[in-house]
Amino acid sequence: MTNTEVARILEEVADLLEISDENTFKIRSYRRAAEVVSSLSREIGDIQATDGLESLPGFGKALAEKVGELLDTGRMAYRDDLAAQFPDGILELLRIPGFGPKRLAQVYKALGIATVDALEQAARDQRLRELPGMGAKSEEKLLHQIALYREGSQRALLGEMLPVAEELVEAVRGIEGVLRAEMAGSARRRRETVGDLDLLATSETPEAVCRAFAELGVLAEVSLAGGTKVSGLLPGGRQVDLRVVEPGSYGAALLYFTGSMTHNVNLRERAQKRGFTVNEYGIFVVKDEFKGEQVAGESEEDMYKALGLPYIPPELREDRGEIEAAEAGKLPTLIELSDIRGDLQMHTTASDGHNELRDVAEACRARGYEYCLITDHSHSLYVANGLDAERLAAQRTAIDALNAEYADAGIAFRVLAGTEADIMPDGTVDIPPGMREQLDCVLGSIHQGFSADADRITARMVAAIESGNVDIIAHPTGRLLLQRDPYGLHIEKVIEAAAANHVALEINAFPNRLDLSDIHARLARDRGVKLSISTDAHELAHLDFMKYGVMTARRGWIEAGDVVNTMPLAKFRAWLSRR
DNA sequence: GCCGTTTTCGGCCCGACTGTTTTCAGTCG
């Protein structure tokens with residue numbers, strides 16, 4: 001059973017407990033456990049077998065026992081008993097925005113409602129207003145929220161939403177009375193997908209700023225507007241929240257609205273132990289003669305400092321050990337976009353790219369790189385016009401000619417010859433005979449046969465890694481965000497093989513791949529595997545995706561020294577000849 | 001449910017906004 005599946009069941013238990021009106025702290029324990037499991041870099045079954053489930057934070061006797069049962073038998077009796085008290089599918093109602101567990105329990109008990117359709121009908125028939133705490137306006141609002149839910153405003157790619165968020169921040173900065181504005185939330189943490197967009201501004205006149213933002217015209221609909229907060233929807237249905245605070249609370253508010261939620265909770269618990277309380281306005285003394293005095297709030301640095309910690313970059317604020325690392329002075333020095341000296345995956349018109357070799361090379365040079373690696377598809381990928389021996393050799397010659405031109409012109413930039421070779425079902429790597437030695441660097445990747453079982457795909461990948469014929473495994477898990485799950489793969493085995501054979505693993509920077517993920521990249525680094533961050537560009541504009549690869553790397557605690565394409569060319573060549 | 005340099009029992013983060021209310025419950029992040 002995968003970590004994702006276990007986490008999903010723990011979430012489900014939490015939801016069921018919630019609609020059963022259980023102890024909120026018990027519910028929180030299950031939610032925390034779900035988060036812990038989904039953030040694990042190792043397979044939970046492996047942890048059960050070695051260190052034991054009670055070694056996981058937030059796992060006591062009860063959770064270890066229940067999750068152990070789940071791993072051993074595929075079922076959790078506790079979950080099944082809870083679920084039996086409600087009709088199947090009732091939890092879907094919780095996905096309607098503004099409709100929570102208390103309301104769900106209420107309408108189910110009073111009216112037997114267990115589906116979105118039934119809830120909608122009851123609202124139309126004006127039957128909900130009979131219930132305590134509900135009125136005509138609640139029904140009206142609920143119908144609207146159900147319509148929104150049906151339109152399905154799910155998560156979107158970071159690569160899609162970040163430019164939108166940046167535009168919104170600029171728009172807010174243009175509002176009269178705004179002193180500073182910044183994006184917050186998961187976009188600022190650079191999560192691979194983003195739900196809604198969170199914005200923060202400071203002003204001496206928050207109410208006027210809120211009003212101005214609501215009337216700015218960027219929101220298709222304003223769903224909530226107070227004196228310090230505005231929520232609304234963009235034309236596409238994406239939710240935007242703006243929060244406005246006074247300048248002295250900028251850091252506190254930014255910290256708070258950047259999250260993650262669990263990171264904040266941990267900070268607050270830490271504050272409590274030190275006699276402080278934390279809210280979005282600052283850090284305050286709780287007792288004695290200094291009660292209520294503000295000790296921090298203006299900057300995030302101050303906030304962390306007051307809690308005895310160095311600044312923690314937003315990408316690390318996921319409750320994955322960052323506070324402990326900060327306390328021990330062991331935070332990584334995260335890689336920056338400017339550390340990248342070359343891009344190691346791109347396609348030209350020779351296979352399925354849109355641009356000629358020379359234009360691709362020039363575009364890389366224009367981005368300040370020292371080198372780039374051309375990686376057109378190998379012959380077996382017919383659909384992408386993969387290169388056979390003859391065409392691959394011709395490309396090598398063209399690259400040599402281009403490099404000679406650069407050398408004559410006194411330009412240090414160099415183009416490296418490579419290929420993105422298919423890893424065949426038997427694990428052999430699709431390179432024409434005799435060409436391995438002709439190429440500077442070979443990427444290996446799987447493009448077919450995703451549905452095979454995990455053992456087989458893992459064996460295929462490991463065989464390729466051990467063959468000595470690949471230098472880097474490209475998009476190792478094959479996932480397409482929001483579209484396709486990774487193929488079944490024992491990632492730890494792949495990582496171990498890569499470590500043992502000095503093969504690098506790619507963080508593919510294409511916004512719908514980001515593969516390896518942050519979590520797997522971190523695991524790979526911990527096991528001593530080098531990474532490549534590369535764009536997989538098929539047209540020139542794609543070369544700019546490098547930043548998303550770097551963002552994912554930062555979320556994976558990656559430093560410049562972990563990444564092969566931060567090396568100067570000579571050092572990178574030396575790495576390539578490492579065997 | 002978990003957890004422990006004051007604790008193995010009694011705690012467990014904090015505030016904004018809405019709708020239905022006369023002091024608050026529910027939802028959200």
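None of these values were measured; they are calculated from a predicted model.
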Sugar-phosphate, base or nothing in reach of A/Glu269, heavy atoms under 4.0 Å: sugar-phosphate

Approximate separation, where rounding is to 0.5 Å, of A/Gln239 CD and A/Asp198 CG: 8.5 Å

Annotated protein contacts, base or backbone, on nucleotides 19-29 of chain B with a non-hydrogen cut-off under 4.0 Å, one of B, S, - each: SS-----SSSB

Closest-nucleotide 5' rank along DNA chain B - winner of A/Gly226 and A/Asn264: A/Asn264

Given A/Thr552, A/Leu157, A/Leu480, the one that forms side-chain contact (heavy atoms from CB on, under 4.5 Å) with A/Arg513: A/Leu480

Sugar-phosphate only, base, or nothing, as touched by A/Tyr78 at under 4.0 Å among non-hydrogen atoms: sugar-phosphate

B/dT5 glycosidic torsion: syn (within 90° of 0) vs anti: anti

Length of the line joining A/Glu54:CD and B/dG1:P, which is rounded to integer Å: 13 Å

Touch class at under 4.0 angstrom, heavy-atom based, for A/Ser231 against every strand present: nothing

Test side-chain hydrogen bond (donor to acceptor under 3.5 Å, both in side chains) applied to A/Glu300 - qualifying residues, sequence neighbours left out: A/Arg188, A/Tyr311, A/Arg317

Side chain to side chain contact (heavy atoms under 4.5 Å, CB included) evaluation trace for A/Arg127 with A/Glu139: CA-CA 9 Å; A/Arg127 282 184 284 140; A/Glu139 286 173 341; 5.6 Å; no

Nearest-Å distance for atom pair CD/P, residues A/Glu22 and B/dC12: 19 Å

Beyond-backbone contact of A/Leu255 with A/Tyr304, side-chain heavy atoms, under 4.5 angstrom: yes

Donor-acceptor pair between A/Gln106 and A/Arg103 side chains, under 3.5 angstrom: yes

Sugar-phosphate, base or nothing in reach of A/Phe25, heavy atoms under 4.0 Å: base

For atom CZ of A/Arg243 and atom C1' of B/dG15, their distance in whole Å: 7 Å

Sugar-phosphate, base or nothing in reach of A/Ala225, heavy atoms under 4.0 Å: sugar-phosphate

Nucleic acid footprint by protein, nucleotides 3-10 of chain B - heavy-atom cut-off 4.0 Å, B for base, S for sugar-phosphate alone: S-------

Criterion side-chain hydrogen bond (donor to acceptor under 3.5 Å, both in side chains) on A/Glu92 and A/Tyr149, from CA distance to verdict: CA-CA 10 Å; A/Glu92 187 195 352; A/Tyr149 164 68; 2.6 Å; yes

Any side-chain heavy-atom pair of A/Leu200 and A/Tyr250 under 4.5 Å: yes

Derivation and outcome, side chain to side chain contact (heavy atoms under 4.5 Å, CB included), residues A/Gln48 and A/Asp72: CA-CA 10 Å; A/Gln48 180 192 29; A/Asp72 293 339; 3.3 Å; yes

DNA chain B: 5'-proximal contact among A/Gly227 and A/Val265 (nearest heavy atom): A/Val265

Nearest-Å distance for atom pair CZ/P, residues A/Arg28 and B/dC12: 9 Å

Pair partner, B/dT8 [Watson-Crick or wobble, under 3.5 Å]: none

